[in-house]
Amino acid sequence: MLANHTHSLFYSFLKLTCNQQIQVFQRSLLQSSFSGYVQSFSLSTSRNHGPPTMPPCCKIGPSILNADLSQILSECNKLLSNGADYLHLDVMDGNFVPNLTFGHPIVKCLRPKIPQAFFDMHMMVANPEQWVEPMADAGANQYTFHIEATRDVPGLCRKIKEAGMKAGIGLKPGTPIEELLPHIDEADMILIMTVEPGFGGQSFMSHMLPKVEYLRKNYPELDIEVDGGVGLGNIQSCADAGANMIVAGTAIIGAEDQRYVISTMKETVFNALNKVHLER
Ligand SMILES: O=C(CO)[C@@H](O)[C@H](O)COP(=O)(O)O
């Protein structure tokens, strides 16, 4: 009985916005014996200085790459109605990766049909500077480029933000984390690839998780996304490493019960993030 009650409270909680989650989380801590910890909270946006503030929000962003792309709008609507927090749209140019998908014209068509959706554009393209304005005009919310594809990370992050989008920096599996470190403060989000970019349905590379662990340890509030081969079998390890933004394609698109997969992933990530913060 109590377990059922806790369960339904948890799912109501998941439906709240990030700010509402913060308020509920603070209230629940105040009611517990952790009030001393709460007093040390501030909502500062600094990354890596002073005590941690709040754990970052957990968000699940299905990748539509392996969906039925002839039905892209209904696939997106289905994911959103099953609890997706955002949509991860994979743009491939046949050059940076050996595969070809879609570009800003698709985003432009989708935007008016699903105005509430957050579009996280994963730009697997050789010249990421080229598509910033077209994507912003089309209605993209976040523009994640690969660090391997540009010589001017700060300039590109600036350009993306000036165009009104959030800037994400992605790392291929072979790229060491050291290449990213000078640029962390320039980005809104870091994407750690857990497969070689290019195709859905590949096997998860668990040896990428130390990158996530390093980032979470040193940047407690950073948005860290993992992408590639993520599913119910490895979500716990992604969550324990500290990822708070989870991209999953096949595991969600192919599921009979998308809602169950999304909510289980979210619950797993939420619990891990809050456990780590309470232990600090
Ligand atoms: O960027 C990519 C692949 O390059 C990913 O977004 C995949 O599309 C995720 O699909 P699964 O690996 O989860 O099936």
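Computed from a predicted structure; not experimentally measured. Note that ligands are numbered from 1 as they come in the structure, with each ligand's atoms numbered from 1 the same way.
Looking from atom 13 (O) of ligand 1 to the surrounding protein, the closest heavy atom is Gly249 N, 2.7 Å. The protein heavy atom nearest to atom 5 (C) of ligand 1 is Asp227 OD1, 2.9 Å. Here the heavy atom of the protein found nearest to atom 12 (O) of ligand 1 is Gly229 N, 2.8 Å. Nearest protein heavy-atom contact of atom 3 (C) of ligand 1 is Phe199 O, 3.4 Å. Nearest protein heavy-atom neighbour of atom 14 (O) of ligand 1: Thr250 OG1, 2.4 Å.
Shown in contact with Pro197 at under 4.0 Å from a heavy atom are these atoms of ligand 1, numbered in order with element: 4 (O). Each of the atoms 12 (O) of ligand 1 lies under 4.0 Å from some heavy atom of Gly228. Residue His122 approaches ligand 1 through these ligand atoms, each under 4.0 Å from one of its heavy atoms: 1 (O). Ligand-side atoms of ligand 1 in range of Ala248: 13 (O), range being under 4.0 angstrom from any heavy atom. Proximity to Met92 (heavy-atom distance under 4.0 Å) selects the following atoms of ligand 1: 4 (O). Atoms of ligand 1 lying under 4.0 Å from any heavy atom of Gly201, numbered from 1 in the order shown and given with element: 11 (P), 12 (O), 14 (O). When each atom of ligand 1 is checked for a heavy atom of His88 under 4.0 Å away, the hits are 6 (O).
The environment of Glu256 atom CD is sparse: at most 12 non-hydrogen atoms of other residues, nucleotides or ligands sit within 6.0 angstrom. In Lys78, the NZ atom is not crowded: 12 or fewer heavy atoms of neighbouring residues, nucleotides or ligands sit closer than 6.0 Å.
Nearest heavy atom pair, residue Val195 against residue Gly229, reads CG1-N, 3.9 Å. Nearest heavy-atom pair across Glu148 and Lys172 is OE2-N, 2.7 Å.
The closest approach between Gly198 and ligand 1 falls below 4.0 Å for a heavy atom of the residue. Not a single heavy atom of Asn66 sits under 4.0 Å from any atom of ligand 1.
Salt bridge Asp85/Lys266: present, at least one basic N to carboxylate O contact under 4.0 Å.
In the model, His104 has no side-chain atom that pairs as donor or acceptor with a side-chain atom of Asp137 under 3.5 Å.
Considering backbone and side-chain N/O of Asp90, one or more are found under 3.5 Å from N/O of ligand 1.
Lys211 places a side-chain N or O within 3.5 Å of a backbone atom of Pro173 that can act as its donor or acceptor partner. Formation of a donor-acceptor pair under 3.5 Å by the Arg111 side chain with backbone atoms of Ala117 is found in this model.
Put simply, the residue from Asp240, Thr264, Ile246 that forms a side chain to side chain contact (heavy atoms under 4.5 Å, CB included) with Val269 is Ile246.
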